[in-house]
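To find a chain, count down the sequence lines: A is the first, B the second, and so on, and within it residues start at 1.
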Amino acid sequence: MPVSPFTLCIIAIVLLGVLGLPIGHSMIVASIFYLLLSGLDLGTAAEQILNGLFNSYVLLAIPLFILAADLMNIGSLTDRLLQFCLVLVGRFRGGLGHVNVVANMIFAGMSGSAIADAVGIGRIIIGMMTKDGKYPVAYAAAITASAAIIGPIIPPSIPMVLYALISDASIGYLFLGGVVPGVLLGIGFMVMNSLIARRRDFPVEPNIPMREIPKITMRAFPALMLPVILLFGIYGGVMTPTEGAAAAAFYALFASTVLYRAVTWRQLYAAILTSGKATTSIGMLIAGAMVFNYVVTIENIPTALARFIGGYDLTTAGFLLLVNAILLVLGCLLEGSTVLLVVVPIFIPTAKALGIDLVHFGVVVVVNIMIGLLTPPYGLLLFVLANMTKQPLSAIVREAAPFIIAAIAVLALITMVPDTVLWLPKLLNYKGN
Amino acid sequence: MTYAQTVAMGRWLRRRAENVLVALLTTMFAGFIIQIFYRYFLNNPVGWTEEVIITMWLWTVLWGAAFVLSEAEEIRFDILYSNATEKLRRICTVVTGVVAIFFYGISLPATYRYVAFMKVERSAYLHVPMNLLYSVYIFFSVACICRYCWLVYHVIRGAKSPATDPAQIID
């Protein structure tokens with residue numbers, strides 16, 4: 001039986017990837033291989049990447065959200081925000097764990113990247129949590145990693161921008177759809193933290209005197225304003241989400257340089273360079289996915305799959321369950337953006353055919369992929385925190401397990417009850433698809 | 001030129017490439033600020049900023065991938081590769097490197113023809129010939145070929161194989 005060019009292309013991607021070629025390059029190289037086998041013009045790869053990058057205006061939100069997060073991290077915004085959260089939830093048992101989760105929820109309203117949140121907040125809170133041996137280092141690392149996944153679920157969100165690109169769902173409504181699941185995750189993590197804190201007798205933070213509270217709130221005020229500006233800007237119809245991202249970056253720059261005067265030129269340069277590199281590495285994945293998705297489209301794979309699954313009489317719930325299971329497994333092995341850009345597009349026509357709302361589907365997929373950042377062996381957040389705290393990966397994984405369970409419970413809930421996701425978008429005139 | 005001089009020059013060039021990347025991203029950011037300012041404060045939307053912004057985005061991705069991103073910062077499928085022995089990893093690096101050189105190499109003439117052909121089109125606002133805007137892809141292709149030649153050559157000569165350092169991946 002002759003092997004089709006498409007099969008060889010898939011084999012090439014997997015093989016090159018497993019042998020260690022960066023994933024973006026693997027997709028580009030394998031797609032050129034496909035073009036060669038099918039006798040198509042080899043310049044098509046360049047054409048797809050160049051036109052794809054040049055014409056997807058929505059993708060511009062990505063570098064800007066990255067930049068906004070990096071600019072916030074060099075200023076003292078994070079520090080002030082944590083002080084404010086200490087006032088809110090520090091007095092409960094396991095207080096600093098709660099502070100960690102709440103700070104991430106507020107931070108999530110300005111940043112769209114889990115890694116940036118983990119680095120920015122983690123750098124400070126892990127020091128606070130482990131000072132005088134209050135909390136085990138691995139526990140501090142585990143809760144920081146877990147809470148960071150809320151970042152891209154509460155808007156703004158880089159993965160949701162990527163999902164909007166592949167599904168044509170509205171970014172604005174996707175963002176809104178993430179709010180309730182994000183809050184649910186926060187509550188889930190705080191419940192876990194209370195249970196663990198009680199059992200292991202984690203400390204309570206000393207009470208902050210009443211007269212200090214207005215001062216601390218004022219100091220945090222500019223940081224707290226950013227989510228408000230973003231929400232009103234985007235949903236008041238003043239700005240597009242992309243422009244909202246630019247406004248967020250500008251506000252972060254303004255707050256750290258003018259209001260807090262905490263930034264040197266050197267730090268600013270370093271922050272922009274870091275953002276540039278992050279933009280490049282995610283951009284390469286997008287570039288690879290653009291050529292590969294072109295191949296997938298001319299081969300008509302998604303329609304074939306839709307027909308195949310249609311033949312099995314799968315119910316909506318059955319399909320969602322299947323997709324969740326597949327993505328959770330893939331999330332253990334692959335980096336999130338790769339899954340989102342390469343695997344998820346294949347499911348979208350089937351989801352449509354089954355009448356699943358694409359905003360609901362998108363939020364479920366993004367929450368699922370964020371859990372992938374926490375699951376071994378390849379959970380990026382675990383690596384980042386292991387490196388930051390110099391703890392063995394296995395210790396962090398063990399401490400993170402209860403939080404992963406809480407996150408999967410939330411995932412199951414939002415999968416089965418679409419209104420948890422769609423309630424807020426519908427409140428703001430979302431008609432569904 | 002001695003080896004040390006070559007390395008020093010490489011470092012110097014890398015820093016200049018980083019300067020360019022920072023300039024591209026800063027220009028993109030400035031473009032957005034100008035666009036928002038004109039539209040909402042002067043009530044006079046301008047179109048050229050959008051074109052500048054999107055060009056900067058295209059260039060940031062391909063320029064960064066060509067000249068700035070180090071091997072450790074690339075996103076890889078790491079589970080098998082990073083647990084293999086160093087000897088096996090070097091074989092992998094040579095094999096994938098040669099494959100990449102081959103395919104970027106054979107597509108280079110067609111890529112060049114496509115980019116050159118785009119001179120017939122001009123961008124909507126600034127009327128820049130598209131072959132100029134798209135020329136970054138040629139830099140990218142040639143740089144990839146050179147990078148993988150360099151990598152394969154040095155790994156064969158006994159340098160360590162590259163690996164993704166997950167802690168260096170930014171997102």
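Inter-residue side-chain proximity for Glu47(A) and Tyr137(B) is flagged as unmet; no heavy-atom pair is nearer than 4.5 Å. Between His25(A) and Cys144(B), some side-chain heavy-atom pair lies under the 4.5 Å cut-off. When side chains are defined from C-beta on, Thr280(A) does not count as touching Trp63(B), because their heavy atoms never get closer than 4.5 Å. Residues Leu50(A) and Leu62(B) meet the side-chain proximity criterion, which asks for heavy atoms closer than 4.5 Å. Within the 4.5 Å cutoff, the side chain of Thr60(B) has no heavy atoms near those of the Pro63(A) side chain. Using a 4.5 Å cut-off on side-chain heavy atoms (C-beta onward), Phe103(B) and Leu42(A) make no contact. Counting only heavy atoms from C-beta outward, the side chains of Thr242(A) and Phe32(B) approach each other to under 4.5 Å.
Ring-plane geometry between Phe250(A) and Phe29(B) is classed as tilted, the angle between the planes lying from 30 to 60 degrees on a 0 to 90 degree scale.
With sequence neighbours left out, Ser31(A) forms a side chain to side chain donor-acceptor pair (under 3.5 Å) with no residue at all. Scored by the side chain to side chain contact (heavy atoms under 4.5 Å, CB included) test, Leu40(A) finds Tyr34(A), Leu35(A), Ser38(A), Ile298(A) as partners (sequence neighbours excluded).
Contacts with chain A (heavy atom to heavy atom, under 4.5 Å) involve these residues of residues 38-56 of chain B, listed by number: Arg39(B), Tyr40(B), Glu50(B), Ile53(B), Ile54(B), Thr55(B). Contact residues of residues 106-120 of chain B toward chain A are Ile106(B), Ser107(B), Ala110(B), Thr111(B), Tyr114(B), Val115(B) (heavy-atom distance under 4.5 Å).
Residue Tyr269(A) places its OH atom among more than 12 non-hydrogen atoms of other residues, nucleotides or ligands, all under 6.0 Å distant.
Trp57(B) places no side-chain N or O within donor-acceptor distance of the main-chain N or O of Phe54(A), the cut-off being under 3.5 Å.
Using a 4.5 Å cut-off between heavy atoms, Leu253(A) contacts chain B through its side chain alone, with no backbone atom that close.
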